[in-house]
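Encoded as structure tokens, the structure appears first; notes follow it.
Because the structure is a prediction, the values reported are computed rather than measured. Below, each value reflects all heavy atoms present in this structure, side chains not excepted, and no hydrogens, waters or symmetry copies. Here is the naming used below: chain letters follow the sequence lines, and residue numbers restart at 1 for every chain.
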Amino acid sequence: MSALSIAIQRKLFDGREVLGDLQFSVADGEFVALLGPSGCGKSTLLNMVGGLDADYAGRIEHLSGGRLGFMFQEPRLMPWLSARDNVALVCDDPRGAAAAAEARLAEVGLGERATAWPQQLSGGQQRRVALARAFITEPRLLLMDEPFISLDAPTAAALREQLLKLWREHAPAVLYVTHDLREALALADRVLFLCDAPARVLLDYRVPLPRPRAIDGAELAELRAELLARYPNLLSGSLD
Amino acid sequence: MIERLRAESLRLLSLLGFALAWQIGAGFADPAILPGPAAVLAELWRHSLSGELPQHLGITLARVAAAFAIAMLVGSALGMLMGRSRRFDAGLDGPLVLALNIPALVTIILCYIWFGLTEAAAVTAVAINKIPMVVVGVREGARAIDRQLMAVAQAYRLPRLRTLRRVYLPQLYPYLMASARNGLALIWKIVLVVELLGRSDGIGFQLGIFFQFFDIAGILAYTLAFAAVILLVEALLLRPLERRLNAWRR
């Protein structure tokens, strides 16, 4: 059963066609990375799936029952709410939301900082709060738009670990946008390579590595080199 | 806490300094033209005991409160609409500029002529004077709403009311507070004019009588009483509220 199925015919952005004939689906509990040249419409696609952009031709269906998590490029926390209240904000049931939020924050290692304001937290901690917020609704589908960009390497690595741990425990389907091939290979079950606008799926690639995978490990580096040797222009959106 | 105490004592000190300068100045002047603070306080006491001052003060305060509430509600609603929708903004901008520039006196006179010398006409006239300013302030805030934060509310499908209370309005609070501050100061001044022109009670009405009898001590006593009430509202209501809303900024 698929958690998400996408069949888009066309999407215009400022009169320019950013998405072409685009079809794929994501199975329940599957981790799919979406990789493509910058400006190829990855974020636009994520916004469409998340219901933030309804102006397109085609069909997007998710069996998430409305239970959706969304992590943006920026943490996007409400500065006037404490870490706990930011997480509790998106709870369906306001009763018990505070306690549930504290439990989630503890899960991501921020149990002590539940009452801190976002601006008192570091960039990495703010992402942790956003991660706790994304998981508190027990989402069946989690949308992530380069969520760990602009963090230093160790912080980003720790957050990826955290994400994989939560993913294993809660098993949502994940659609993860990135432009970093190593990150995609380290995280995903499947990587969808998109071509430049108008974007289509260029290559649907199942990652053959067992978990856990080290992002700076030899196996991953080898796989990446092999892929790029076979398709030298893969990352700029071409199979030639 | 200590900083707050220091700020409060500085505030008190400056008020005392003002009273002192007044007392010294009054020493050189004819007491009928400029009575000193002691004489004014005595007058204040006399008018309070007779029950006259509390009665007029209460009526004026009720008018201020009513006009303030109407102006803030209507002005905020219009400001949010205009800040949000370009069509509304284009359609209402002309009337808004016009409304901003109509003299208070004209609104008051017209309201009295059209609606009669009634309580409703008085409060409406005051509210109409303030509404355009609230609109301008709140519209500025509504234009500065962070779309990225609104997108969070939309992505997580927050209920409308929760989005309003916890995502949208907190972004408007600084603008609403500024409007409330300026509003209070402006509204009570206009209320006095409205009372002078068309009511038979309230502080404005009393000041008109004192003017006819050249009773400067009476004028100052009433002014002092009202200014004291406004200072109290500032200190006990507006400032604590602002501190609470701004707690996260520290």
If you count heavy-atom pairs within less than 4.5 Å of chain B, which of A:D85, A:L52, A:N47, A:L77 leads?
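The answer is A:L52.
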> For the candidates A:P79, A:G51, A:G50, which exhibits the highest count of non-hydrogen atom pairs separated by less than 4.5 Å from chain B?
Replying inline: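 Among the listed options, the one with the most contacts to chain B is A:P79.
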If I measure from the heavy atoms of chain A, does B:L149 come under 4.5 Å with its side chain, its backbone, both, or neither?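 Both parts, backbone and side chain.
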Region of B:A247 in contact with chain A, defined by heavy-atom distances below 4.5 Å: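 Its backbone and side chain both get close to chain A.
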Check for me whether A:R16 meets the cation-pi criterion with A:F13, that is, NZ or CZ under 6.0 Å from the six-membered ring centre and within 45 degrees of the ring axis.
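No, A:R16 does not lie over the aromatic ring of A:F13.
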For [X], I'd like to know if atom [atom1] has over 12 heavy atoms of other residues, nucleotides or ligands within 6.0 Å.
X: A:K165; atom1: NZ; result: yes
X: B:R165; atom1: CZ; result: no
X: B:R84; atom1: CZ; result: no

Can you confirm if the aromatic rings of B:Y173 and B:Y175 lie within a centre distance of less than 6.0 Å?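 No - the distance between ring centres of B:Y175 and B:Y173 does not fall below the 6.0 Å cut-off.
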For [X], is it the side chain, the backbone, both, or neither that has a heavy atom closer than 4.5 Å to a heavy atom of chain B?
X: A:L81; answer: side chain
X: A:L143; answer: neither
X: A:D92; answer: backbone

message: Rounded at 0.5 Å granularity, tell me how far CE in A:M71 sits from OH in A:Y176.
response: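 Interatomic distance, A:M71 CE to A:Y176 OH, rounded to 0.5 Å: 8.0 Å.
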Give the member of B:P170, B:P159, B:A153 that has the highest number of heavy-atom pairs under 4.5 Å with chain A.
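Most heavy-atom pairs within the cutoff with chain A belong to B:P170.
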